[in-house]
Protein chains: 2
Amino acid sequence: MDIISVAIVEDNHDIRQAMELLINGSEGYACIGAFNNAENALEKIPQLLPNVVLMDFNLPGMNGIECIARLKGEFPDMQFMMLTVYEDDDKIFMALEAGASGYILKKTSPGELLDAIRDLHEGGSPMSSQIARRVVAYFQKQAKPNPALEALTSREKEILDQLSKGFLYKEIAGNLFISIETVRRHVHNIYEKLHVRSRTDAVNKYFNR
Amino acid sequence: MDIISVAIVEDNHDIRQAMELLINGSEGYACIGAFNNAENALEKIPQLLPNVVLMDFNLPGMNGIECIARLKGEFPDMQFMMLTVYEDDDKIFMALEAGASGYILKKTSPGELLDAIRDLHEGGSPMSSQIARRVVAYFQKQAKPNPALEALTSREKEILDQLSKGFLYKEIAGNLFISIETVRRHVHNIYEKLHVRSRTDAVNKYFNR
DNA sequence: CTCTTTATAACATCTTGGTGTTATGACTTT
DNA sequence: AAAGTCATAACACCAAGATGTTATAAAGAG
């Protein structure tokens, strides 16, 4: 069992020191850096190269999300755990997009925090099942297609797909072995059914935007 | 603590019966239906209206994903837990898109299965942190923008954003208070930087497709 | 067997988009 | 001070897309 090196970015002095003590006092863990703001963390972490970084959301100056995004860009293998008091949707997604792989609440117990750090280091994404539900809900939202698309015939869907890929009318005609005039006709019908007046709007509906 | 009604869809007789016994033998849980294929489940579950459905992936005939999709469409409040032996990426995402909110492996212990059912019923999304990582990775993949977009000036990004929304050149000109010729110029530069020759291709790059 | 839908096709016309070329003032970098 | 970048602008030319109208054969619904 190798030792997991951890860095902490947290502006609250008491919380920071408590976490540092916890980690250094536990076998298999070592806290190799603790910072009270993102700027200091960005300067030192590239030298320390910890396995795992615990990141607070609200920091003075640059916020934790931006700090993760910058470090993750330079060190893709570094693992980031977001520590926050909120379960706010936007913040969860921003953190995940920035490169955080774990997302836990500050009220988490010391033992669970240590487990989460190890879990993260070993390739998991520790998060509460409440937070997981938010993430899952995001998938389900994205998946429902525009009902207007169902009104298209299969040939029209085929044409729309070609349109979405940026083919010229004459290329579509070639690809589907039909005349360019027929392509025009289909496109016209598609526009009518989707209530749009341009290719871009049609494609946007196709991709549900 | 209310009683959670559960239905099981699982083609293996032994596993199905074991789960049924487990659930009926545990306080706070009741198994009100058990089916060996999707077709039977689709017929009976609309009458039974269980709180939670445990769904196997591989079933004879219709698979579990399709079965979830149909039931979820009719009963959006019903909760589905995918039970599988695989941790395959595609299957996870297909299950989530179909409407499953929990995703656990069949090797899960009886106690954990019961906990997961309650968790699901109470609004969580029980899944192992390994599976959560797959889901999180999907977010991070989607989020990394095309580096070519970074080469665009802020004005060019603004123009591209307008293009992506389907505005005509003259509308863009009006929106940004510049001449249509300037719009042309910017569009031309954008196309050069993105190595495309049409609006649709540029928009596709903008949305990372 | 008629009515409707679908896929096919053509033609005219007008609008919009894409390309080439040139230019100017503001600002930044060297 | 010179060189480069950026946002602005104009003009010409041709290609491509959008609109309106009309038509026909095949398949499916009633």
Participant: Looking at Arg70(B) and Glu66(B), is any side-chain nitrogen of the basic one under 4.0 Å from a carboxylate oxygen of the acidic one?
Facilitator: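 Counted as a salt bridge, because a side-chain N and a carboxylate O are separated by less than 4.0 Å.
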Participant: CG of Leu176(B) versus P of dC6(D): gap in Å, rounded?
Facilitator: 18 Å
Participant: What is the distance, rounded to the nearest whole Å, between atom NE2 of His186(A) and atom C1' of dA9(C)?
Facilitator: 10 Å
Participant: Do side-chain atoms of Ser179(B) reach the backbone of Thr182(B) as a donor and acceptor pair under 3.5 angstrom?
Facilitator: yes
Participant: Between Lys106(A) and Asp56(A), is there a side-chain N and carboxylate O pair less than 4.0 Å apart?
Facilitator: yes
Participant: Please report the distance, rounded to the nearest Å, between CD1 in Ile172(B) and C1' in dT8(D).
Facilitator: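 These atoms are roughly 16 Å apart.
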Participant: Which residue pairs pass the ring pair (Phe, Tyr, Trp, His ring centres under 6.0 Å) test when at least one of the two sits in residues 134-170 of chain A, sequence neighbours left out?
Facilitator: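 Of all non-adjacent pairs touching residues 134-170 of chain A, those that pass ring pair (Phe, Tyr, Trp, His ring centres under 6.0 Å) are Phe93(A)-Tyr138(A), Tyr138(A)-Phe139(B), Phe139(A)-Phe93(B), Phe139(A)-Tyr138(B).
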Participant: At 4.0 Å (heavy atoms only), tell me whether Thr182(B) reaches a base, stays on the sugar-phosphate, or touches nothing.
Facilitator: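 Result for Thr182(B) = base.
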Participant: Is there side-chain contact between Ser5(B) and Val52(B), with heavy atoms separated by less than 4.5 Å?
Facilitator: no
Participant: Let me know the distance between CG of Leu152(B) and P of dC6(D), rounded to the nearest Å.
Facilitator: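 In whole Å, dC6(D) P and Leu152(B) CG are 10 Å from each other.
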Participant: What protein N or O atoms touch nucleotides 16-25 of chain C N or O atoms at under 3.5 angstrom, if any, and at what distances?
Facilitator:
residue: dT16(C); atom: OP2; partner: Lys170(B); partner atom: NZ; Å: 3.4
residue: dG17(C); atom: OP1; partner: Arg199(B); partner atom: NH1; Å: 3.2
residue: dG17(C); atom: OP2; partner: Tyr169(B); partner atom: N; Å: 3.0
residue: dG18(C); atom: OP1; partner: Tyr191(B); partner atom: OH; Å: 3.1
residue: dG18(C); atom: OP1; partner: Arg199(B); partner atom: N; Å: 2.9
residue: dG18(C); atom: OP2; partner: Tyr169(B); partner atom: OH; Å: 2.2
residue: dG18(C); atom: OP2; partner: Tyr191(B); partner atom: OH; Å: 2.9
residue: dG18(C); atom: N7; partner: Arg184(B); partner atom: NH1; Å: 3.3
residue: dG18(C); atom: O6; partner: Arg184(B); partner atom: NH1; Å: 3.4
residue: dT19(C); atom: OP1; partner: Arg197(B); partner atom: NH2; Å: 3.2

Participant: Run the salt bridge (charged side-chain N to carboxylate O under 4.0 Å, His left out) test against Asp161(B) and tell me which residues pass, sequence neighbours left out.
Facilitator: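 For Asp161(B), the residues satisfying salt bridge (charged side-chain N to carboxylate O under 4.0 Å, His left out) (neighbours in sequence not counted) are Lys165(B).
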Participant: Rounded to the nearest angstrom, tell me the gap between atom CD1 in Ile178(A) and atom P in dA25(D).
Facilitator: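 Checked: the CD1 to P distance equals 19 Å.
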Participant: Please determine if a side-chain N or O atom of Thr153(A) lies less than 4.0 Å away from the OP1 or OP2 oxygen of dA7(C).
Facilitator: yes
Participant: Rounding to an integer number of Å, can you tell me how far Ile190(B) CD1 sits from dT8(D) P?
Facilitator: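 Taking atom P of dT8(D) as the reference, CD1 of Ile190(B) is at 12 Å.
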